[in-house]
Amino acid sequence: MRNAVLACSILLVVALLVEPLLSQNTLVFPGANSRETYFTIHNIRPAHALTRGGGSKVGILDHSFGMKVHPELYAGGDNFQVGEWGETFECQSHHGYWMALVLKEIAPDVEIYALNTYSADEGKRVAAMVNAIDWAIEHELDAITYSAGAFSPEARKLLDPAVERAVEAGIVPVFIHYPHPLNIFTSGIGPRSGDDERDPDLNIFHYDYTVVFGDQYVAYMNGDDDVARGYRPFLSISSTAPVTAGFVALIRSLAPHLSPAQVKEILMDSSQPMEFQGRTGARVPDVAKAVGMLKAEVASR
């Protein structure tokens, strides 16, 4: 393990020598989303008084986990990509790493499994996701989460059966831009994304980055149009999936017997309309209410 961390450190040093300053750096802010503004939107702090997600297992389908650099963050996982995107698994700490940090804030005691699946090539990405979903079934995970682009109809023909197998095995899928009826279809508070075919099942408050990536921050400060249009280094719809997966982990830690459909129903039933700074969500979950109902049910048995 020490050798792997050393190798990753050497790669980062080399990258810093040949890339512009800050291009590979990350600024980490532990507990960035634990402020009252965030935790009161979904009543997370009262939920933590009842459960912190211990015993639940969530797989993140993404890339750039920094698996060898941050071994304390992950309970396990696997690399389902080769080439450029396969190389992001161990040493690069970027999108997947951020997803893991967000998930840990919602369910601090959850077991996180890094499933390296992303590729810019949709065919390679979906093939890797199918393999990762089968891995999740074999390892009896409670939930899987995905925070990237929508899928073409051709890709759905391959992905949908895999997701359906996962649900049949008791795994709760939480994907953005994926309107499959068995998925907990999540988006932000406000107008739905133009990529989405229907309204989301749940509206989740957009969480700040717990880690700011140097290259994005530099681009933002320089006024880069692509960044300024919405992919700011502080905010992204990507966070809505691991936040929701964290809610699933809290629920499953109290009631592991619940089916994916029951978990989805509990989250939707405990949701309510909310307006925040001019943004309106039809179904904003109250996770304290959800786990409180479950805690009372378990106590009454």
Verify same cluster id: I176, Y118 (apolar side-chain graph, 4.5 Å): no
R279 side chain vs I189 backbone, donor-acceptor pair below 3.5 Å: yes
F80 side chain reached by W135 side chain, heavy atoms, under 4.5 Å: yes
Minimal non-hydrogen separation, A107 against H48, with atom names: N-NE2, 4.5 Å
Pairwise side-chain contact, I106 with V287, heavy-atom cut-off 4.5 Å (strictly under): no
S56 and S253: side chain donor to acceptor below 3.5 Å: no
Main-chain N/O of P46 paired to N43 side chain as donor or acceptor, under 3.5 Å: no
For W85 against T88, the heavy-atom pair lying closest together: O-OG1, 2.8 Å
Under 3.5 Å donor-acceptor, Q81 side chain and T117 backbone: yes
In one Ile/Leu/Val/Met/Phe/Trp/Tyr side-chain cluster, 4.5 Å: I266, I44: yes
Residue pair H63 / N116, side-chain donor-acceptor N/O under 3.5 Å: no
Contact summary for A245 and T145, nearest pair of heavy atoms: CB-CB, 4.0 Å
Test log, rule side chain to side chain donor-acceptor pair (under 3.5 Å), inputs Q262 and H257: CA-CA 10 Å; Q262 289 172 317; H257 63 282; 5.9 Å; no
Within-4.5 Å side-chain heavy-atom neighbours: S93 and S64: no
Side chain to side chain, M274 and I41, heavy atoms closer than 4.5 Å: yes
Shortest non-hydrogen separation from L202 to S271 and the atoms involved: CD2-OG, 3.4 Å
Worked check of side chain to side chain contact (heavy atoms under 4.5 Å, CB included) between E122 and E154: CA-CA 10 Å; E122 184 185 56; E154 292 74 20; 5.7 Å; no
Residue pair R45, T40: steps toward the side chain to side chain contact (heavy atoms under 4.5 Å, CB included) verdict: CA-CA 7 Å; R45 206 178 303 281; T40 55; over 6 Å; no
Any L73 side-chain heavy atom under 4.5 Å of K104 side chain: yes
Same apolar cluster (I L V M F W Y, side chains within < 4.5 Å links), M268/V284: yes
Evaluation steps, side chain to side chain contact (heavy atoms under 4.5 Å, CB included), between V130 and R165: CA-CA 10 Å; V130 169; R165 288 197 301 274; 3.9 Å; yes
H139 side chain to L141 backbone, donor-acceptor under 3.5 Å: no
Common cluster, W98/I204, ILVMFWY with side-chain heavy-atom separation under 4.5 Å: yes
Point-to-point distance, once rounded to the nearest 0.5 Å, from CD of Q92 to CZ of F65: 12.5 Å
Passing candidate, side-chain contact (heavy atoms from CB on, under 4.5 Å) with V263, options D142, L294, L258: L258
T51 OG1 to R252 CZ distance, which is reported to the nearest 0.5 Å: 13.0 Å
Verdict with reasoning, H70 to Y97, per ring pair (Phe, Tyr, Trp, His ring centres under 6.0 Å): CA-CA 9 Å; H70 314 285; Y97 174 52; 4.1 Å; yes
Nearest non-hydrogen partners of A100 and Y74, listed with the distance: CB-CE2, 3.8 Å
Carboxylate-amine/guanidinium contact D286 R283, below 4.0 Å: no
Backbone N/O of L115 and side chain of D78: donor-acceptor pair under 3.5 Å: no
Residues, nucleotides or ligands: over 12 heavy atoms within 6.0 Å of E275 CD: yes
Stepwise ring pair (Phe, Tyr, Trp, His ring centres under 6.0 Å) test for Y146 and F151: CA-CA 12 Å; Y146 165 87; F151 302 97; 5.1 Å; yes
Parallel, tilted or perpendicular: rings of Y178 and F175 (30°, 60°): tilted
Criterion side chain to side chain contact (heavy atoms under 4.5 Å, CB included) on I60 and Y113, from CA distance to verdict: CA-CA 6 Å; I60 302 175; Y113 292 82; over 6 Å; no
Stepwise side chain to side chain donor-acceptor pair (under 3.5 Å) check, H95 with S238: CA-CA 9 Å; H95 199 271; S238 291; 3.1 Å; yes
Pairwise side-chain contact, L103 with V58, heavy-atom cut-off 4.5 Å (strictly under): yes
H177 versus D196, side-chain donor and acceptor atoms under 3.5 Å: yes
Heavy-atom closest contact (A136 atom, I144 atom, distance): CB-CG2, 3.8 Å
